[in-house]
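Let me begin by presenting the structure, written as structure tokens, before commenting on it.
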2 protein chains.
Amino acid sequence: MNLKQLSHMLSLSQTTVSRALNGYPEVNEETRRRVMDAAKRHGYRPNPSARRLATGKSGMIGYVLPTGNAVDIDPHFVEFLSGLGDYARSHELDLVLSPADADDQETTYRRIVANRQVDAVYISSPRPADRRLALVNTLGIPFIVHGRSEGFDFDYPYLDIDNEGAFHEAARILVQLGHKRLALINGDDRETFAIHRERGVRRALAASGLTLGERHICSLTMTEENGYRAARRLLEQSEAPTAIVCSSLIMALGVVRAVRDLDLTIPGDLSLVAHDDVFPWLRPENFPVPLSTTRSSIRLAGARVAERLAARISGLEEGARGEVWPVDLVVRGSVAGAPV
Amino acid sequence: MNLKQLSHMLSLSQTTVSRALNGYPEVNEETRRRVMDAAKRHGYRPNPSARRLATGKSGMIGYVLPTGNAVDIDPHFVEFLSGLGDYARSHELDLVLSPADADDQETTYRRIVANRQVDAVYISSPRPADRRLALVNTLGIPFIVHGRSEGFDFDYPYLDIDNEGAFHEAARILVQLGHKRLALINGDDRETFAIHRERGVRRALAASGLTLGERHICSLTMTEENGYRAARRLLEQSEAPTAIVCSSLIMALGVVRAVRDLDLTIPGDLSLVAHDDVFPWLRPENFPVPLSTTRSSIRLAGARVAERLAARISGLEEGARGEVWPVDLVVRGSVAGAPV
DNA sequence: AGAGTCTTCCAAAGCGCTTTGGGTTTTTCG
DNA sequence: CGAAAAACCCAAAGCGCTTTGGAAGACTCT
């Protein structure tokens with residue numbers, strides 16, 4: 001059932017039927033009703049390929065997926081996706097993942113824009129002066145960044161959590177509890193979120209005249225193994241920290257294991273706070289010692305990004321509005337006063 | 001730069017240029033070279049929307065993503081995606097995720113097929129007599145199932161691992177080590193993989209005249225917390241198992257925690273084997289006691305599914321070939337003889 | 001040399017929709 | 001009551017590609 005058949009069936013022109021269906025004003029309400037009705041009754045759905053060719057709009061949002069043999073997709077991605085998908089579903093938006101060589105994403109961005117494959121894109125895990133941002137900005141496709149970049153002379157729309165504030169707060173509490181030697185187990189410090197977190201910790205320490213020593217900071221991809229290694233390295237040195245702030249729950253698993261291997265205890269010998277993105281399958285309250293966390297649902301972020309993307313596509317949102325979400329600090333058993 | 005311009009520029013008809021570019025035989029090799037050359041030089045890329053409208057092919061593969069407020073996307077998904085994306089990239093295939101109400105995926109399948117949005121789809125986490133399978137089969141779109149269903153009177157193409165064999169082997173080893181009371185902590189037993197795993201364990205036990213008691217089997221979604229709960233329930237009963245076979249590494253985390261809470265040890269009091277899908281961020285050899293596993297890379301499966309999907313799209317693969325991958329049993333420190 | 005066969009190319013007809021640029025009616029209003 | 005303005009509808013021209021159905025010329029074969 002296509003437009004031609006439908007319009008013939010109604011003894012109307014394709015123009016009128018099309019207009020009626022798309023809500024244009026120059027059609028009699030009575031006629032519109034007739035058309036809508038017939039369309040529904042016959043299950044008419046405009047062919048998206050045709051519509052696309054005619055309008056250039058695809059009704060899809062895009063994401064360039066960095067791939068490669070040595071490239072691992074962040075497990076956070078799937079949670080973000082849950083939220084995104086949840087919103088997208090209710091608005092009949094599809095998501096197209098365009099896999100790209102992790103070292104050359106530009107080609108792919110250019111392709112999907114040139115081909116008008118998607119109406120908007122989102123960018124995640126941005127770095128300072130991230131080239132993807134500059135690119136997408138000049139290409140002129142609607143976009144939203146999940147996270148933040150830095151060092152651009154233009155503004156851009158983004159959704160981020162207050163990483164600096166969260167880690168500032170976590171560190172502040174620890175300092176208040178008497179800890180003088182804090183350590184930070186961070187994610188890859190080429191990414192902005194990690195930089196912000198470090199900044200937050202440093203600022204909290206500085207407020208009490210403390211510093212974050214070179215040997216008290218680790219930046220690694222967020223795996224259990226790296227958490228373990230970092231913790232071993234930190235805890236086996238002479239000036240071992242009495243508190244650790246950790247960028248991920250998965251790394252925290254490794255920290256806990258290291259602490260055990262070293263016959264230390266939490267929170268007796270070490271206080272631990274980690275960031276929790278809220279995975280359904282791993283919850284901080286279920287750690288051997290309930291884990292204090294800075295918490296922010298990455299899933300909600302996904303839904304919000306989708307929402308804003310949809311708004312930008314339909315022209316409801318304009319400009320370069322940045323949105324920063326506050327982060328909860330949830331104190332559980334893993335923090336205590338500094339050992340004497 | 002479109003076809004019209006290019007062909008005008010070459011003083012050829014659009015027909016000829018199109019044919020030259022798409023490798024049709026009825027064009028002079030000399031001419032073809034000229035065309036190809038000019039196309040490359042001017043960076044001509046056929047408009048996919050137009051091509052789509054004309055051919056009905058989209059160059060994309062689809063996946064219907066079950067979503068909903070209470071629906072969590074399996075963290076395995078992201079690993080599978082890594083593999084899929086890795087292959088897709090090298091073949092300029094995009095993946096479109098169509099979010100659907102988890103309770104009504106049929107509508108979405110019908111839509112993407114009717115709209116010819118994708119050239120093929122894959123289906124994951126199938127259940128026995130899975131309706132999606134029957135649907136997709138009648139709709140006539142190329143597809144591949146990752147996993148297996150059961151109870152259909154038609155064959156279908158799939159890629160699965162030998163879940164039954166893997167768990168049979170794991171249980172067999174444990175029995176050989178003298179264990180008489182085995183337990184199984186399984187995933188959601190409405191899914192085929194879980195059924196197969198249970199079958200494997202039962203078969204191994206039966207071979208030695210043992211059985212898997214009602215109280216020695218748990219089927220839950222694969223979270224750390226559920227692993228913990230299941231283990232507690234199993235280990236606190238009178239006829240506590242001396243060995244557990246567990247369907248996921250994430251659940252195994254919970255098992256380990258439970259064992260500790262109960263002041264038991266692995267492998268002294270309990271032997272443990274889990275299935276490992278090979279996550280980059282959580283490795284069995286890094287468990288407190290290195291974990292024995294049945295191992296199969298879900299990422300490789302993703303790549304293979306993409307490969308076969310591509311083959312089916314281009315007509316290189318036909319029929320309903322099923323492919324079952326063997327699973328490695330990797331024995332590490334977490335298994336030992338049954339306690340006396 | 002004429003008939004038949006390849007080879008090489010083309011004009012034009014789709015694919016199914018949106019949108020432009022008018023035409024008719026009908027309504028409004030001085 | 002006649003003219004200007006709305007209201008309503010249509011034919012046809014795209015969007016950019018693929019593919020059908022030939023046509024023209026070059027080659028082969030008897």
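FYI, side chains are in, hydrogens and waters are out, and symmetry mates aren't considered; it's all heavy atoms of this structure. Numbers restart at 1 for each chain; the letters A, B, ... are given by sequence-line order, proteins then strands. What you see is a predicted model; the values in this text were computed from it and never measured.
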Between [X] ([atom1]) and [N] ([atom2]), how many Å, whole number?
X: B:H8; N: D:dG16; atom1: NE2; atom2: P; value: 16 Å
X: B:E26; N: C:dC6; atom1: CD; atom2: P; value: 14 Å
X: B:N115; N: C:dG16; atom1: CG; atom2: P; value: 12 Å
X: A:Q14; N: C:dT19; atom1: CD; atom2: P; value: 14 Å
X: A:Y24; N: C:dC17; atom1: OH; atom2: C1'; value: 11 Å
X: A:R116; N: C:dT18; atom1: CZ; atom2: C1'; value: 14 Å
X: A:E29; N: D:dC9; atom1: CD; atom2: P; value: 11 Å
X: B:L3; N: C:dC10; atom1: CG; atom2: P; value: 12 Å

* Is a donor-acceptor pair below 3.5 Å formed from side chain A:T15 to base C:dT19, judging by atom type as modelled? ->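 It does, because a donor-acceptor pair links the side chain of A:T15 to the base of C:dT19 below 3.5 Å.
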
Check your understanding: Under 4.0 Å between a side-chain N/O of B:T16 and OP1 or OP2 of C:dT8, yes or no?
Key -> no

**Message:** Taking only side-chain N and O atoms of A:S18, does any of them lie within less than 4.0 angstrom of OP1 or OP2 on C:dT18?
**Reply:**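 Answer is yes, contact under 4.0 Å.
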
Any Lys/Arg nitrogen of [X] or [Y] sitting under 4.0 Å from an Asp/Glu carboxylate oxygen of the other?
X: A:R304; Y: A:E307; value: yes
X: B:R127; Y: B:E150; value: no
X: B:D104; Y: A:R89; value: no

Nearest to the B:N28 side chain among C:dT8, D:dC10, C:dC10, which nucleotide is it?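 From the listed options, C:dT8 comes nearest.
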
Practice item. Measure from the side-chain heavy atoms of A:N22 and tell me the nearest of C:dC9, C:dT18, D:dC9. Key: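 It is C:dT18.
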
Check your understanding: Is the A:F154 ring parallel, tilted or perpendicular to the A:Y156 ring (thresholds 30°, 60°)?
Key ->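 Taking A:Y156 first and then A:F154, their aromatic rings stand perpendicular (interplane angle over 60°).
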
On the 0 to 90° scale, with breaks at 30° and 60°, tag the B:F80-B:Y122 ring pair as parallel, tilted or perpendicular. tilted

Separation between CG (A:D119) and CG (A:L93), nearest 0.5 Å, reads 8.0 Å

The residue, A:R19 or A:M1, whose nearest nucleotide of DNA chain C is more 5′ is A:M1

Query raised in the report: Going by heavy atoms closer than 4.0 Å, what residues in residues 38-62 of chain B are next to DNA chain C?
Result: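 Contacts with DNA chain C under 4.0 Å: B:L53, B:A54.
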
Quiz item: Touch check for B:S7, heavy atoms < 4.0 angstrom, all strands: base, sugar-phosphate only, or nothing?
Solution: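 The answer is nothing, as B:S7 stays clear of every strand by at least 4.0 Å.
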
* Asked: Is it the case that A:R299 and B:N69 place a side-chain donor and acceptor less than 3.5 Å from each other?
  -> no

